[in-house]
**Student:** 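One structure coming up, written as structure tokens, with questions to follow.
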Amino acid sequence: MTNQLVIKQIETKPFEGQKPGTSGLRKRVVEFEKGLYLHNFVQSIFNVLGSDKLKGSTLVVGGDGRYFNSQALQIIFAIAAANGVGKILVGQDGLLSTPALSAVVRARKALGAIILTASHNPGGKHGDFGIKYNVSNGGPAPEAFTNKIFDETKKISVIHMADNVRVADLSKLGTTEWTGFQVEVIDSVEEYWQLMQTVFDMKQIKELVARKGFVFNFDAMSGVTGVYAQRIFEKELGVAKDCLINCVPSEDFNGGHPDPNLTYAPELVKKMNAGLFDVGCASDGDGDRNMVLGKRFFVNPSDSVAVIAANWDAIPYFRAAGGLKGLARSMPTSAALDLVATRAMVPFFEVPTGWKFFGNLMDTDQLSICGEESFGTGSDHIREKDGIWAILCWLQILAHHNKDTTKELVSIESIVHNHWRKYGRNYYSRYDYEEVDTKLGDEVMKQIADTIATKSLVGRKFTGSDGVEYEIASVDDFEYKDPVDHSVSSHQGLRIRFKDGSRIIFRLSGTGSTGATIRLYFDKYEQRESHLFDDTQKHLSTLINIALELSNLQKITGRNEPNVIT
Ligand code: VG1
Ligand code: CO
């Protein structure tokens with residue numbers, strides 16, 4: 001006989017500020033630990049879904065293993081049971097990378113998923129925690145849905161929760177049952193690995209890995225992808241164990257900042273700069289971001305998606321699909337991908353920041369490959385960006401260019417250089433000013449928004465130290481109308497565009513948990529062969545100076561330098 005559910009109604013009061021940002025609700029752990037804070041948000045998700053949809057439904061749940069993951073999972077199980085959910089699929093040890101979770105939702109035709117992660121934000125007791133709802137296509141809930149969740153959090157008064165639902169051991173695969181409700185612990189990697197085998201030619205990648213003298217290194221940054229790397233890179237593809245670093249998921253990411261960029265992945269960057277390996281890769285806490293490095297060479301994420309798109313025919317998945325359906329990038333991402341779309345003569349889309357904006361295009365077969373400058377790359381094999389997939393893409397492209405193993409290795413650097421020679425190069429950089437006082441952050445944005453609103457900037461000319469003249473062609477506040485559901489998203493970034501196509505963009509981050517993070521993005525196209533290999537910061541210095549002058553950022557915030565330069 002199975003256990004009857006013992007369901008209780010718990011009275012609650014709204015918490016302020018439970019508004020999901022770019023990618024779910026992210027706050028300090030101490031916030032989430034406050035009384036019914038998490039309960040309120042979870043019940044609000046279920047209130048939006050409604051009892052009809054929930055009855056007997058399947059939900060996928062998992063997280064990146066950060067502090068509070070295990071407690072949060074048990075709370076979610078108990079609330080789900082009381083709200084009529086029929087089955088929960090949870091990753092072993094509570095772990096599922098964001099892309100793997102998306103894959104499981106699609107493979108199992110689940111109603112949706114709850115992801116527990118604050119992605120690249122630090123974890124641990126004093127770090128961040130986060131929660132995000134994904135819908136039945138496996139992708140992040142659209143804005144209309146997250147707005148409804150927020151509305152519910154403002155009026156919530158009762159939580160439905162089962163008193164006797166607890167899964168004693170999340171490390172053991174298998175099902176625990178109650179009457180009308182079950183929790184199945186699934187292998188965190190298996191279904192994702194099944195999918196990856198339909199996307200790539202694993203045999204070819206395996207041969208590259210085995211190539212004499214070829215060295216590949218992967219840094220999981222103590223996030224969830226350690227589990228995936230051990231299974232996929234080591235067990236399936238034969239990468240040596242000591243080439244996988246920080247591959248044991250840790251509650252506080254070993255005190256690190258699990259953000260795969262030049263600042264926060266110093267161990268790998270140092271080794272790559274020393275020329276120790278041919279390929280070095282890293283991914284973030286929840287496994288949806290990726291960084292790719294060649295020997296002494298950094299692949300800018302905006303270039304990365306462009307090169308993958310230009311080399312689609314190296315990847316079996318796109319060959320099977322008959323080529324590219326379309327390409328897309330987030331607005332602040334460099335325009336390198338646009339050039340690939342033009343040459344390939346496929347539809348191209350520019351969407352606001354955040355992966356949720358790609359979903360509709362993929363669901364309507366208009367989009368194959370997309371990316372964001374923030375180390376996010378993906379395709380329509382799932383509905384999230386996918387770190388391991390991006391790395392496998394690069395390995396496949398390398399394998400494709402190195403079929404003749406008797407010749408010298410065609411390196412990542414040479415593949416990118418050839419890409420620039422063919423398409424021209426978008427010099428690109430992003431400056432992040434983190435944890436700025438919220439008021440000051442708003443002031444910077446207001447000042448630039450006001451200037452933009454007057455349009456007085458149009459026609460203004462600046463001359464750089466190199467004598468090159470920059471003339472402002474247009475200024476606006478980016479607004480996006482979804483071509484599929486026609487929903488409108490406003491205030492998605494302030495843009496200054498120049499006559500030569502160069503761009504400066506100002507945006508406030510929507511993923512931080514404290515203060516404001518101001519992001520400045522710079523993009524400049526260069527076609528002259530003699531200028532294809534300049535230093536990025538030097539090449540962009542005029543644009544950078546224009547941005548700082550127009551925004552008054554340094555004076556208002558008192559910050560002379562950004563925290564992170566990408
Ligand atoms: C950042 C990135 C954005 C990305 C988002 C979620 O958002 O800029 O491109 O989609 O993080 O990524 P924001 O609002 O802070 O600029 V993740 O890996 O944190 O889920
Ligand atoms: Co992430």
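Residue numbers count from 1 along this sequence. For clarity, every value in this text was computed on a predicted model and none was experimentally measured. Both ligands and their constituent atoms are indexed starting at 1 by order of listing.
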**Student:** Under a 3.5 Å distance rule, please check whether Y433 uses its side chain to pair with a backbone N or O of R559 as donor and acceptor.
**Tutor:**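 Between the backbone of R559 and the side chain of Y433 there is no qualifying donor-acceptor contact (under 3.5 Å).
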**Student:** Below 4.0 angstrom from a heavy atom of R507, which ligand 1 atoms are there? Numbered from 1 as shown, please.
**Tutor:**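 Answer for ligand 1: 13 (P), 14 (O), 16 (O).
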**Student:** From the N, O or S atoms in D286, identify the one nearest to the Co ion (ligand 2).
**Tutor:**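 In D286, the heteroatom (N, O or S) nearest the Co ion (ligand 2) is OD1.
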**Student:** Are S330 and ligand 1 in contact, using a heavy-atom cut-off of under 4.0 Å?
**Tutor:**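 It does not; every heavy atom stays at 4.0 Å or beyond.
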**Student:** For K154, is the NZ atom crowded, meaning more than 12 foreign heavy atoms sit under 6.0 Å from it?
**Tutor:**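 Yes, because the 6.0 Å sphere around NZ of K154 holds more than 12 heavy atoms from other groups.
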**Student:** Could you name the option among M331, K385, K356 that has the heavy atom nearest to atom 12 (O) of ligand 1?
**Tutor:**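 The nearest heavy atom belongs to K385.
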**Student:** Treating Q366 as the side-chain partner and P347 as the backbone partner, does any N or O pair qualify as donor plus acceptor under 3.5 Å?
**Tutor:**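 A pair under 3.5 Å: no.
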**Student:** Whether R425 engages the ring of Y427 as a cation-pi pair (distance to the six-membered ring centre under 6.0 angstrom, angle to the ring normal within 45°) should be assessed.
**Tutor:**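 Because its charged atom sits under 6.0 Å from the ring centre and within 45° of the axis, R425 does stack over Y427.
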**Student:** For ligand 1, indicate whether the residue S509 contacts it via side chain, backbone, both or neither (heavy-atom separation under 4.0 Å).
**Tutor:**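 The answer is both, backbone and side chain.
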**Student:** Could you tell me whether the side chains of H381 and D386 share a donor-acceptor contact shorter than 3.5 Å?
**Tutor:**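 Yes, D386 and H381 have a side-chain donor paired with an acceptor closer than 3.5 Å.
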**Student:** Does the N or O separation between Y521 and ligand 1 drop below 3.5 Å for any pair?
**Tutor:**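 No, no N or O pair falls under 3.5 Å.
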**Student:** Inspect the contact between E31 and K34 and indicate whether a charged nitrogen and a carboxylate oxygen are less than 4.0 angstrom apart.
**Tutor:**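 E31 and K34: salt-bridged.
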**Student:** Under 4.0 Å from any heavy atom of G354, which atoms of ligand 1 are there?
**Tutor:**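 By the 4.0 Å cutoff, the relevant atoms are 10 (O).
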**Student:** Is it true that E384 lies under 4.0 Å from ligand 1, counting heavy atoms only?
**Tutor:**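 It does not, in that no heavy atom of E384 comes within the 4.0 Å cut-off of ligand 1.
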**Student:** Students should be able to answer this: which protein heavy-atom is nearest to atom 8 (O) of ligand 1, and at what distance?
**Tutor:**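 Atom 8 (O) of ligand 1 sits closest to the protein heavy atom R430 NH1, 3.6 Å.
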**Student:** Please determine if S374 has a nitrogen or oxygen closer than 3.5 Å to a nitrogen or oxygen of ligand 1.
**Tutor:**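 Looking only at distances, the answer is yes, because the N/O contact criterion of under 3.5 Å is met.
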**Student:** Is the positively charged end of K524 above the ring of F522, judged by distance under 6.0 angstrom from the centroid and angle within 45° of the axis?
**Tutor:**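 Here K524 fails the 6.0 Å and 45° test against F522.
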**Student:** Within S119, is some N, O or S atom less than 2.8 Å away from the Co ion (ligand 2)?
**Tutor:**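 Short answer: yes, at least one N, O or S atom is under the cut-off.
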**Student:** If we only count N/O pairs under 3.5 Å, is T353 in contact with ligand 1?
**Tutor:**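 The answer is no, given that T353 and ligand 1 share no N or O pair closer than 3.5 Å.
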**Student:** Need the atom name: nearest N/O/S atom of D288 to the Co ion (ligand 2).
**Tutor:**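 Of the nitrogen, oxygen and sulfur atoms in D288, the Co ion (ligand 2) lies nearest to OD1.
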**Student:** Identify, by atom number and element, the atoms of ligand 1 in contact range of D284, meaning under 4.0 Å from any of its heavy atoms.
**Tutor:**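 So the atoms of ligand 1 that pass are 18 (O).
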**Student:** Heavy atoms only: which of K132, R26, E372 lies closest to atom 4 (C) of ligand 1?
**Tutor:**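 The residue whose heavy atom sits nearest atom 4 (C) of ligand 1 is E372.
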**Student:** Do you know which N/O/S atom name in D284 is closest to the Co ion (ligand 2)?
**Tutor:**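 Nearest to the Co ion (ligand 2) within D284's N, O and S set: OD2.
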**Student:** Which ligand 1 atoms, with their elements, are less than 4.0 angstrom from a heavy-atom of R519?
**Tutor:**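 Once the distances to R519 are compared, the set is 8 (O), 13 (P), 15 (O), 16 (O).
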**Student:** For atom 7 (O) of ligand 1, what's the nearest protein heavy-atom neighbour? Residue, atom name and distance, please.
**Tutor:**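 Of the protein heavy atoms, T511 CG2, 3.5 Å lies nearest.
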**Student:** Side-chain donor-acceptor pair under 3.5 Å between D284 and S119, yes or no?
**Tutor:**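 Present: a donor and an acceptor within the cut-off.
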**Student:** Using modelled atom types and a 3.5 Å cut-off, is there a donor and acceptor pairing between side-chain atoms of S283 and backbone atoms of G387?
**Tutor:**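 Side chain of S283 to backbone of G387: no pair is present.
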**Student:** For K325, I'd like to know if atom NZ has over 12 heavy atoms of other residues, nucleotides or ligands within 6.0 Å.
**Tutor:**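 Yes, enclosed.
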**Student:** Need the ligand 1 atom indices (1-based, order shown) with element for anything under 4.0 Å from a heavy-atom of S119.
**Tutor:**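 Within the 4.0 Å cut-off of S119, ligand 1 contributes 17 (V), 18 (O), 19 (O), 20 (O).
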**Student:** Would the Y67 and F129 ring centres measure less than 6.0 Å apart?
**Tutor:**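 No: the rings miss the under 6.0 Å criterion.
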**Student:** Take F233 and F216 through the test ring pair (Phe, Tyr, Trp, His ring centres under 6.0 Å) and record every step on the way to the result.
**Tutor:** CA-CA 10 Å; F233 296 141; F216 163 75; 5.2 Å; yes
**Student:** What is the closest protein heavy atom to atom 11 (O) of ligand 1, and at what distance does it sit?
**Tutor:**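 Sorting protein heavy atoms by distance from atom 11 (O) of ligand 1 puts R289 NH2, 2.9 Å first.
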